Amino acid sequence: MLLEIRDLKVGYKVDGMLTEVVRGVDLEIRKGECVGLVGESGCGKTTVGLAITRLIPERKGKIISGRVLLEGRDLFGLDDEALRAVRGKRISYVFQEPFSSLNPVFTIYEQIKESLPEKKATDRAISEILKAVGLDEIAGRKKVYPHELSGGMQQRVMIAMAIASRPELLVLDEPTTALDVTVQKQILDLIMELKNKMDLSILFISHDLNMIFRAADRINVMYAGRIAEQGPKKDMVSKPLHPYTRGLIESIPCIGHRKKAFDAIEGRTPLFSDLPEGCKFHPRCRFRVEACMKEEPGLEQVSSGHTARCIRAKELLLNGAGKGR
Ligand SMILES: Nc1ncnc2c1ncn2[C@@H]1O[C@H](COP(=O)(O)OP(=O)(O)O)[C@@H](O)[C@H]1O
Ligand code: SF4
Ligand SMILES: [Mg+2]
């Protein structure tokens, strides 16, 4: 196991009160695997990604409890210096907005150079890494600034900087969300190519289940700060267990069973300051029964490696409910 997140809880301070937004997340990433983390905006995905290397801004938030183990070593137990040796080196990040992540006053050459280990920062290495991310046209040029590049090219630069240190884990947080559809596909293809070539492990965070289905080997669906369902991609596609996952799938026009998309899940995600009793999805769930409103269900294994947080998961699977309705 490369990375294990165990019972992670993170909160943010709002009006002087700490509100828990990641409410006990368990997640595992094996070597060479791309693990997807998907869910509607605001459910806590970015917070999970940031917490891995303790990147939660201290004044605004707090890691309440939990453990993050990198090859068995607890990252929350490291001092700041030891953590800096991991962050950006063994674990690298790529975020949604490439332009705001790049420094506008430095050249691409200088910024890539900075992200390479000092001894390895030769002109040749910089040129090679630019070629590896498909930026052959600027590979030999030293005076190119971020604003001269398109959004897609900027994101390629961010990916180049993230892989420069030869990390073991890449955390990609909505890496294609800010880009045009055609460019999204090119960036996704690049990520998949690099994953195979470099044997990278990836945590792929996105609100877009379609993107996650394309990228991930294993998928975690998140709802209201917890994992609602987790399993191998093929099982999640062919027999989704949680009503929320089913709703997300039905919202994808090409995979969904209904012609009309986007209304498969009615209602809105609840506020963390005002979560419903029992199953947090119950106000929106079309399979809700009385018992759903009493206690929040635990994550239970339904088939090998496939778990769901729903008291009716097994029964609904057996009945084939939600399929072709
Ligand atoms: N810096 C912050 N201060 C206060 N609340 C925050 C902060 N960042 C995120 N939140 C809140 O935490 C919740 C989870 O946010 P986030 O992890 O960004 O979700 P996602 O990435 O799934 O959209 C949201 O309700 C969001 O409003
Ligand atoms: S526990 Fe009940 S309300 Fe929650 S997802 Fe399952 S059926 Fe729906
Ligand atoms: Mg986010």
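Remember, it's a predicted structure, so these values are computed and weren't measured experimentally. Atoms within a ligand are numbered from 1 in the order they appear, just like the ligands themselves.
Residue, atom and distance of the protein heavy atom nearest to atom 8 (N) of ligand 1 are Tyr12 CZ, 3.4 Å.
A distance of 11.5 Å separates CG of Leu102 from CD of Glu97, quoted to the nearest 0.5 Å. Rounded to the nearest 0.5 Å, atoms CG (Leu169) and NZ (Lys89) are 15.0 Å apart.
Considering backbone and side-chain atoms together, Lys60 places no N or O closer than 3.5 Å to any N or O of ligand 1. Where the criterion is an N or O separation shorter than 3.5 Å, residue side chain and backbone included, Gly42 meets it with respect to ligand 1. Considering backbone and side-chain N/O of Lys13, none are found under 3.5 Å from N/O of ligand 1. Here's the thing with Val21: none of its N/O atoms is less than 3.5 angstrom from an N/O atom of ligand 1. An N or O contact shorter than 3.5 Å links Gly44 to ligand 1 by distance.
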Please assess His147 against Phe99 for the test ring-ring contact (aromatic ring centres under 6.0 Å, His included), listing each intermediate value before the final yes or no.
-> CA-CA 8 Å; His147 74 266; Phe99 192 68; 7.9 Å; no

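Using a 4.5 Å heavy-atom cutoff, the side chains of Met222 and Lys45 are in contact.
Side-chain atoms of Thr269 and Tyr223 form no donor-acceptor pair, as typed in the model, at a separation below 3.5 Å.
Within the 4.0 angstrom cut-off, atom 16 (P) of ligand 1 has one or more protein heavy-atom neighbours.
Asp26 and Asp7 get closest at one heavy-atom pair: OD1-N, 3.0 Å.
For the pairing with Ile159, the side-chain contact (heavy atoms from CB on, under 4.5 Å) check across Leu135, Ile187, Ile129 returns one residue only, Ile187. Looking at Leu75, Asn220, Ile29, Ile52 one by one, the single match for side-chain contact (heavy atoms from CB on, under 4.5 Å) with Ile5 turns out to be Ile52. The residue from Leu172, Leu55, Leu170 that alone fulfils the side-chain contact (heavy atoms from CB on, under 4.5 Å) condition with Tyr93 is Leu55. Val144 pairs with exactly one of Thr107, Leu130, Leu149 by the side-chain contact (heavy atoms from CB on, under 4.5 Å) rule, that one being Leu149.
Listed by chain and number, the protein N, O or S atoms at a distance under 2.8 Å from atom 4 (Fe) of ligand 2 are Cys279 SG.
Near Phe272, with a cut-off below 4.0 Å to any heavy atom, the atoms of ligand 1 are 13 (C), 25 (O). Shown in contact with Ser41 at under 4.0 Å from a heavy atom are these atoms of ligand 1, numbered in order with element: 23 (O). Residue Thr46 has at least one heavy-atom neighbour below 4.0 Å for each of these atoms of ligand 1: 17 (O), 18 (O), 20 (P), 21 (O).
Residue contact annotation: Gly39 has no non-hydrogen atom under 4.0 Å from ligand 1. Not a single heavy atom of Pro57 lies less than 4.0 angstrom from ligand 1.
Lys233 NZ: more than 12 foreign heavy atoms inside a 6.0 Å radius.
Ion pairing between a basic and an acidic side chain is recognised when a charged N comes within 4.0 Å of a carboxylate O; Glu168 and Arg90 show such pairing.
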